[in-house]
Amino acid sequence: ETKLKADKILIKDKKNLIIRTNFFGIGTKKKLTFSDEIIYKKKEVSLWNNIFFSPVYFGILVDILNNLINFKCRGIYHVSSNECISKYHLGKKILKKFRLKKTLIPNKFDRNIFINRPLNMCLSNSKLLKKFPKFKKKLNIDYQLDLYKRDIIKKTKKKRCL
């Protein structure tokens with residue numbers, strides 16, 4: 001409700017740029033991200049298999065945001081991957097990409113237990129790709145996971161050098 005109210009206020013001014021996104025990436029030592037937990041936690045991870053989203057790796061998100069700002073884009077843009085996927089299935093892709101043998105437990109989101117949220121949070125990036133077709137390949141989940149893996153490896157190498 002709050003997001004919708006903010007959108008209605010912000011969209012009145014044609015100079016505003018509104019970004020809708022859901023991202024994943026590398027967190028900090030104190031705050032692991034969803035994707036970091038899958039890689040670093042020693043125990044099994046439980047992930048919802050009935051909530052769908054279209055996440056974008058934050059390294060690509062930053063690049064897209066810079067383009068939107070530099071080209072003075074206005075209005076609402078969805079910055080999202082090309083695929084709609086559950087957190088459980090994204091977790092499986094992460095394990096495969098990193099060749100990790102861990103257990104993921106598929107879990108159903110229950111609206112009676114948790115705060116009410118939509119089960120489908122996927123966004124269409126068609127407006128973004130119409131303006132910037134060069135991002136089509138970069139918004140594929142597998143491409144993004146390659147970049148995520150590259151950045152994790154770089155981060156690990158930096159720690160060893162310190």
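- Arg74 is linked by a salt bridge (Lys or Arg N to Asp or Glu O under 4.0 Å) to nothing, counting only residues two or more places apart in sequence or in another chain.
- Between the CG atom in Leu65 and the SG atom in Cys73 there is a gap of 10.5 Å [rounded to 0.5 Å].
- Ser124 and Ser80 get closest at one heavy-atom pair: C-OG, 4.2 Å.
- Of all heavy-atom pairs between Pro55 and Ser81, the closest is O-CB, 2.9 Å.
- Crowding of Phe23 atom CZ: a count of heavy atoms from other residues, nucleotides or ligands under 6.0 Å not exceeding 12.
- Of all heavy-atom pairs between Met121 and Ile51, the closest is CE-CG2, 3.3 Å.
- Contacts classified as salt bridge (charged side-chain N to carboxylate O under 4.0 Å, His left out) and involving residues 7-17 (residues at least two apart or in different chains) are given here: Asp7-Arg20.
- With contacts defined as side-chain heavy-atom distances shorter than 4.5 Å, the pair Lys108/Asn49 qualifies.
- Hydrophobic clustering keeps Leu147 apart from Val62 (ILVMFWY residues linked when any side-chain heavy atoms are closer than 4.5 Å, directly or through intermediates).
- Atom NZ of Lys102 has more than 12 heavy atoms from other residues, nucleotides or ligands within 6.0 Å.
- Counting only heavy atoms from C-beta outward, the side chains of Val79 and Leu68 approach each other to under 4.5 Å.
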Query - Thr21 vs Val56, side chain to side chain contact (heavy atoms under 4.5 Å, CB included): CA-CA, chis, key distance, verdict - result: CA-CA 7 Å; Thr21 192; Val56 61; 3.4 Å; yes
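- Within the 3.5 Å criterion, the main-chain N or O of Leu10 finds a donor-acceptor partner in the side chain of Asn16.
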Query raised in the report: Given Leu90 and Leu47, is the side chain to side chain contact (heavy atoms under 4.5 Å, CB included) satisfied, shown in steps?
Result: CA-CA 9 Å; Leu90 180 60; Leu47 298 170; over 6 Å; no
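- Taking hydrophobic clusters as Ile, Leu, Val, Met, Phe, Trp and Tyr residues chained together by side-chain heavy-atom distances below 4.5 Å, Leu119 shares a cluster with Phe34.
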Query raised in the report: Given Phe24 and Thr33, is the side chain to side chain contact (heavy atoms under 4.5 Å, CB included) satisfied, shown in steps?
Result: CA-CA 7 Å; Phe24 70 96; Thr33 64; 6.0 Å; no
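- From Asp36, atom CG reaches atom CD1 of Ile26 across 7.0 Å, with rounding to the nearest 0.5 Å.
- Asn125 and Tyr77 form no side-chain donor-acceptor contact under 3.5 Å, judged by distance and modelled atom types alone.
- In plain terms, the two heavy atoms of Phe132 and Asn67 that are nearest each other are CZ-O, 3.8 Å.
- Lys97 forms no cation-pi arrangement with Tyr148, by the criterion of a distance under 6.0 Å to the ring centre and an angle within 45° of the ring axis.
- Asn82 contributes a side-chain N or O that, together with a main-chain N or O of Lys136, makes up a donor-acceptor pair within less than 3.5 Å.
- Linking Ile, Leu, Val, Met, Phe, Trp and Tyr whenever their side-chain heavy atoms come within less than 4.5 Å puts Leu145 and Leu100 in one cluster.
- In terms of modelled atom types and a separation under 3.5 Å, the side chain of Asn22 and the main chain of Ser54 share no donor-acceptor contact.
- Glu37 places no side-chain N or O within 3.5 Å of a backbone atom of Val45 that could act as its donor or acceptor partner.
- Side-chain heavy atoms closer than 4.5 Å link hydrophobic residues (I, L, V, M, F, W, Y) into clusters, and following such links, even through other members, never connects Phe52 to Leu104.
- Side chain of Asn107 to backbone of Trp48: no donor-acceptor contact under 3.5 angstrom is found.
- Looking only at side-chain heavy atoms (C-beta outward), Phe98 and Ile38 stay at 4.5 Å or farther from each other.
- Listed by first then second residue, pairs satisfying salt bridge (charged side-chain N to carboxylate O under 4.0 Å, His left out) with a partner in residues 118-134 number zero, not counting sequence neighbours.
- The CG atom of Leu61 sits 9.5 Å away from the CG atom of Asn66 when rounded to the nearest 0.5 Å.
- Sorted by first then second residue, the disulfide bond (SG atoms under 2.5 Å apart) pairs that include residues 10-62, not counting sequence neighbours, number zero.
- A distance of 9.0 Å separates NZ in Lys5 from CD1 in Ile9, rounded to the nearest 0.5 Å.
- Under the 6.0 Å cut-off for aromatic ring centres, Tyr143 and Tyr57 do not qualify, their centroids lying 6.0 Å or more apart.
- Sorted by first and then second residue, the salt bridge (charged side-chain N to carboxylate O under 4.0 Å, His left out) pairs involving residues 52-67 (not counting sequence neighbours) are Asp63-Lys138.
- A chain of hydrophobic side-chain contacts below 4.5 Å, direct or via other Ile, Leu, Val, Met, Phe, Trp or Tyr residues, connects Tyr88 to Phe53.
- Taking the salt bridge (Lys or Arg N to Asp or Glu O under 4.0 Å) definition, one finds that Lys93 meets it with Asp142, sequence neighbours left out.
- Expressed to the nearest 0.5 Å, how far CD1 of Ile141 lies from CG of Asp146 amounts to 11.5 Å.
- With contacts defined as side-chain heavy-atom distances shorter than 4.5 Å, the pair Asp151/Lys155 does not qualify.
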